[in-house]
Colleague: 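Attaching a single structure in structure tokens format; questions to follow.
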There are 2 protein chains.
Amino acid sequence: MNSKFKIDQQHLLEVQDIFKMLSNINRLKILYLLDNESKTVNELVELLGLEQSAVSHQLRILRDFQLVSVKQVGKTKEYRVDDPHIFDIINEAVEHSDHVMRGANHGE
Amino acid sequence: MNSKFKIDQQHLLEVQDIFKMLSNINRLKILYLLDNESKTVNELVELLGLEQSAVSHQLRILRDFQLVSVKQVGKTKEYRVDDPHIFDIINEAVEHSDHVMRGANHGE
DNA sequence: AATTCATATGAATCACTCCTCATATGATTA
DNA sequence: TAATCATATGAGGAGTGATTCATATGAATT
């Protein structure tokens, strides 16, 4: 039998969706930019060099996953990361990336 | 400034690729099936209910990421997970999934 | 309330992913 | 070495994702 606990189809689909959501560099950048610091949509647009529309579309996805929260401030909206736990996953991937890079250097 | 260490474009692209690779339920299933236990391609085909070709295509991706290793055994090839560290990422996503589900129940 | 500033959304387009089909490669056995 | 079993690969097509363009909504200011 496998060492890891069995995981059902339902769980796997959720995990797949989380990874899909994280598999876009602009969403990753947005998460980093909004970590512990709120920013408006236009600020993100400037920082990322993307169309305002593109940023809004990505923010909608992050909102759907309840990763960011919004606060209306005057005419603008301030976004920030609402669920810092998401960085636990991202950081594991960063570590894996480092880990693999090290391995590649050794191997060749 | 942000609480998390800055991460450059290069790293972010690698992280994006890792998440892309993980954002497919069949690859996730294959990883679970090959964890601590080697299986042939045909065994995977049977267990997953996919075409042999589809399984081979996914195995190629997992090989490219050096997540699985292959050993020729007679006519068959035995695959197994080569880098169990990948489960650190997957397990974080599983936990996140649970975490979000709990949140949803509380909230509504 | 009309205008302006800020953000959101829908539709269209382009790119990419995954699967299937057909076929190739590669190892074993007759 | 011919045939067979096991796996790999390339091309093609359906579905999905990301971006852009145009426009809508919504709050604040005049």
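Labels below follow one simple rule: chain letters A, B, ... track the order of the sequence lines, proteins then strands, and each chain is numbered from 1.
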Colleague: Between A:R27 and A:L22, is there a side-chain heavy-atom distance shorter than 4.5 Å?
Modeller: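 No; the side chains remain at least 4.5 Å from each other.
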Colleague: According to salt bridge (charged side-chain N to carboxylate O under 4.0 Å, His left out), who are the partners of A:D17, at least two apart in sequence or on a separate chain?
Modeller: none
Colleague: Looking at residues at least two apart in the chain, or sitting in another chain, which of them share a salt bridge (charged side-chain N to carboxylate O under 4.0 Å, His left out) with A:R80?
Modeller: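 Expected list: none.
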Colleague: How many whole angstroms separate atom NZ of B:K71 from atom P of D:dA6?
Modeller: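 Atom NZ in B:K71 sits about 18 Å away from atom P in D:dA6.
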Colleague: Take nucleotides 19-30 of chain C nucleotide by nucleotide from the 5' end and write B, S or -, depending on whether a protein heavy atom sits under 4.0 Å from the base, only from the sugar-phosphate, or from neither.
Modeller: SBB-----SS--
Colleague: With sequence neighbours excluded, give me every ring-ring contact (aromatic ring centres under 6.0 Å, His included) pair touching residues 37-70 of chain A.
Modeller: none
Colleague: Can you measure B:D64 atom CG to C:dT17 atom C1' for me and round it to whole angstrom units?
Modeller: 15 Å
Colleague: Rounded to the nearest angstrom, tell me the gap between atom CD1 in A:I30 and atom P in D:dT19.
Modeller: 9 Å
Colleague: Who are the ring pair (Phe, Tyr, Trp, His ring centres under 6.0 Å) partners of A:Y79, not counting sequence neighbours?
Modeller: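 With sequence neighbours excluded, A:Y79 shows a ring pair (Phe, Tyr, Trp, His ring centres under 6.0 Å) to no residue whatsoever.
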Colleague: What is the separation between atom CG on B:L59 and atom C1' on C:dC18, rounded to the nearest whole Å?
Modeller: 14 Å
Colleague: Restricting to side chain to side chain donor-acceptor pair (under 3.5 Å), what partner residues turn up for B:N42, sequence neighbours left out?
Modeller: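 B:N42 satisfies side chain to side chain donor-acceptor pair (under 3.5 Å) with no other residue.
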Colleague: Could you tell me the separation between the CZ atom of A:F19 and the C1' atom of D:dG17, rounded to a whole number of Å?
Modeller: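 Distance check: A:F19 CZ to D:dG17 C1' gives 19 Å.
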